[in-house]
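As structure tokens, the structure follows; a few thoughts come after it.
Source: prediction; values computed, not measured. When a residue number appears, it is its place in the shown sequence, counting from 1.
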Amino acid sequence: MLWRIYLCFFVLFAFAMAVLAKTLHVQGSEGEELNAQFEKKNIALKSIKATRGNIYAQSGSLLSTSVPIYDIYFDAKADGIKPSEFNKGVDKLAKQLTSLFKNNSKEYYKNLLTSARNKGKRYQIIKRNVRYKELQALKTFEIFKLGKYKGGLIIEPKQRREKPFKSLAARTIGYANQSAQVGLEGAYNDVLAGKEGKRLMKRINKGVWMPLSDANQIDPEEGLDILSTID
């Protein structure tokens, strides 16, 4: 019986030593390679669209312009968010969001924010396609007013192309997308489009990328305007 106990002890000890040796090997010789593979797969430079140029009528009236809109996210694991400040302000923030957007109840937003905080979500969507005036109000809200690092507020800018005169001369003004380029928008797409910028982003979920530090960001160059002869 005694030698069987010694044998079991020896086998378990050898197994533990093998696991420890493999761990040290991975951390040492393979660690840098694995980290490099992870970064290559999950960290990348993503494009930032430039502000597209405007198209004007002969009189100077706007025929086509880019309207800024924003997607709003909440980084529940932001280092600067203090538990006491979050617990104290989440109720008021939920009430302010309901008052601003009028699409969900106060309880909905409070549960959304609290759940994101408890689960440690880094990129919880709050609202898509927020207009500039709404954004300015949002920046004054409880918790969010502390900014990105202390309040977890993440702002993703986008653009929406609009024609102030709606359907008037719409075909001549045209449009440009991946499938077709029509009218002035299409003919002068390279001039209007500007030059895209670059930003370092990290994949935190399937298809979801979160921007990292702005230190290495390359800002986009705005597109040029066009003054047409349309009267």
Legend entry - Minimum side-chain heavy-atom gap Leu63-Phe165 below 4.5 Å: yes
Legend entry - For Lys166 against Ala170, the heavy-atom pair lying closest together: O-CB, 3.8 Å
Inset, instruction - For Ser64 and Glu185, test the side chains for any donor-to-acceptor distance below 3.5 angstrom and give the result as yes or no. - result: yes
Inset, instruction - Decide whether Leu97 and Ile72 are clustered together by the hydrophobic rule: side chain heavy atoms of Ile, Leu, Val, Met, Phe, Trp, Tyr closer than 4.5 Å, transitively. - result: yes
Legend entry - Heavy-atom pair of closest approach, residues Leu184 and Ser228: CD1-CB, 4.0 Å
Inset, instruction - Step through the shown structure and confirm whether more than 12 heavy atoms of other residues, nucleotides or ligands are within 6.0 Å of NZ on Lys110. - result: no
Inset, instruction - Give the minimum heavy-atom separation between Ser66 and Arg161, together with the two atoms involved. - result: OG-NH1, 2.8 Å
Inset, instruction - Quickly, which of Glu107, Arg117, Lys121, Gln124 forms a side chain to side chain contact (heavy atoms under 4.5 Å, CB included) with Leu112? Name it, please. - result: Gln124
Legend entry - Heavy-atom neighbours of Lys158 NZ exceed 12 at 6.0 Å: yes
Legend entry - Tyr56 and Asn54: side chain donor to acceptor below 3.5 Å: yes
Legend entry - Heavy-atom check, side chain of Arg131 versus side chain of Val67, under 4.5 Å: yes
Inset, instruction - Measure from the side-chain N and O atoms of Lys163 to the backbone N and O of Gly174, and report whether any donor-acceptor pair falls under 3.5 Å. - result: yes
Legend entry - Distance-minimising heavy-atom pair for Ile155 and Tyr70: CG2-CD2, 3.7 Å
Legend entry - Between CD1 on residue Ile69 and CD on residue Glu162, distance to nearest 0.5 Å: 8.5 Å
Legend entry - Side-chain touch Tyr109/Leu93, heavy atoms, less than 4.5 angstrom: no
Legend entry - Side-chain donor or acceptor of Thr98 paired with backbone N/O of Ala94 under 3.5 Å: yes
Legend entry - Non-hydrogen side-chain atoms of Leu200 and Ile43 separated by less than 4.5 Å: yes
Inset, instruction - Answer yes or no: is there an ion pair linking Glu156 with Arg199, defined by an N-O contact shorter than 4.0 Å? - result: yes
Inset, instruction - Measure the shortest side-chain to side-chain distance between Ile48 and Gln217 over non-hydrogen atoms and say whether it is less than 4.5 angstrom. - result: yes
Inset, instruction - Show your reasoning for whether salt bridge (charged side-chain N to carboxylate O under 4.0 Å, His left out) applies to Lys106 and Asp91. - result: CA-CA 8 Å; Lys106 171 187 168 184; Asp91 193 72; 3.0 Å; yes
Legend entry - Under 3.5 Å donor-acceptor, Ser105 side chain and Tyr108 backbone: yes
Inset, instruction - Using only heavy-atom distances, determine whether the side chains of Asn87 and Glu85 contain a donor-acceptor pair under 3.5 Å. - result: no
Inset, instruction - Decide yes or no for Tyr73 and Arg128: does some side-chain heavy atom of the first lie under 4.5 Å from some side-chain heavy atom of the second? - result: yes
Legend entry - CG-CD distance between Leu138 and Gln136, expressed to the nearest 0.5 angstrom: 9.5 Å
Inset, instruction - Walk me through it: do Thr51 and Gln159 pass the test side-chain contact (heavy atoms from CB on, under 4.5 Å)? - result: CA-CA 7 Å; Thr51 301; Gln159 296 174 38; 3.7 Å; yes
Legend entry - OH (Tyr188) with more than 12 external heavy atoms under 6.0 Å: no
Inset, instruction - Check the side chains of Asn189 and Tyr175 for a donor-acceptor pair under 3.5 angstrom, ignoring hydrogens and angles. - result: no
Legend entry - Leu153 with Ile143, same ILVMFWY side-chain cluster at under 4.5 Å: yes
Inset, instruction - Run the numbers on Gln96 and Glu142 for side-chain contact (heavy atoms from CB on, under 4.5 Å), then give the verdict. - result: CA-CA 8 Å; Gln96 290 171 321; Glu142 198 71 19; 3.7 Å; yes
Inset, instruction - Using atom types as modelled and distance alone, determine if a side-chain donor or acceptor of Thr140 lies under 3.5 Å from a backbone N or O of Ala137. - result: yes
Legend entry - Asn42 to Trp209 - nearest heavy-atom pair and separation: O-CZ3, 3.4 Å
Legend entry - Polar side-chain atom of Asp71 near backbone of Asn129 as donor-acceptor pair, under 3.5 Å: yes
Legend entry - Main-chain N/O of Ala57 paired with Ser61 side-chain donor or acceptor, under 3.5 Å: no
Inset, instruction - Please assess Leu192 against Leu224 for the test side-chain contact (heavy atoms from CB on, under 4.5 Å), listing each intermediate value before the final yes or no. - result: CA-CA 5 Å; Leu192 290 163; Leu224 300 178; over 6 Å; no
Legend entry - Atom of Ala78, atom of Gly152 and distance for their closest heavy-atom approach: CB-CA, 4.0 Å
Inset, instruction - Report whether Phe101 and Leu113 are members of the same hydrophobic cluster (ILVMFWY, side-chain heavy atoms less than 4.5 Å apart, transitive linking). - result: yes
Inset, instruction - Compare all side-chain heavy atoms of Gln58 with those of Leu227 and state whether any distance is below 4.5 angstrom. - result: no
Inset, instruction - Assess whether side-chain contact (heavy atoms from CB on, under 4.5 Å) is satisfied between Ile55 and Ile173, documenting all intermediate values. - result: CA-CA 8 Å; Ile55 298 178; Ile173 298 165; 4.3 Å; yes
Legend entry - Enclosure of Asp231 CG (heavy-atom neighbours >12, cutoff 6.0 Å): no
Inset, instruction - Indicate, with yes or no, if Phe141 and Tyr132 share a hydrophobic cluster defined by side-chain heavy-atom contacts under 4.5 Å among Ile, Leu, Val, Met, Phe, Trp and Tyr. - result: yes
Inset, instruction - Answer yes if Phe86 and Ile126 sit in the same cluster of Ile, Leu, Val, Met, Phe, Trp and Tyr residues linked by side chain heavy atoms under 4.5 Å apart, and no otherwise. - result: yes
Legend entry - Polar side chain donor-acceptor pair, Ser47 to Glu196, under 3.5 angstrom: yes
Inset, instruction - Please determine if Asp75 and Lys148 form a salt bridge, counting it only when a charged side-chain N lies under 4.0 Å from a carboxylate O. - result: no
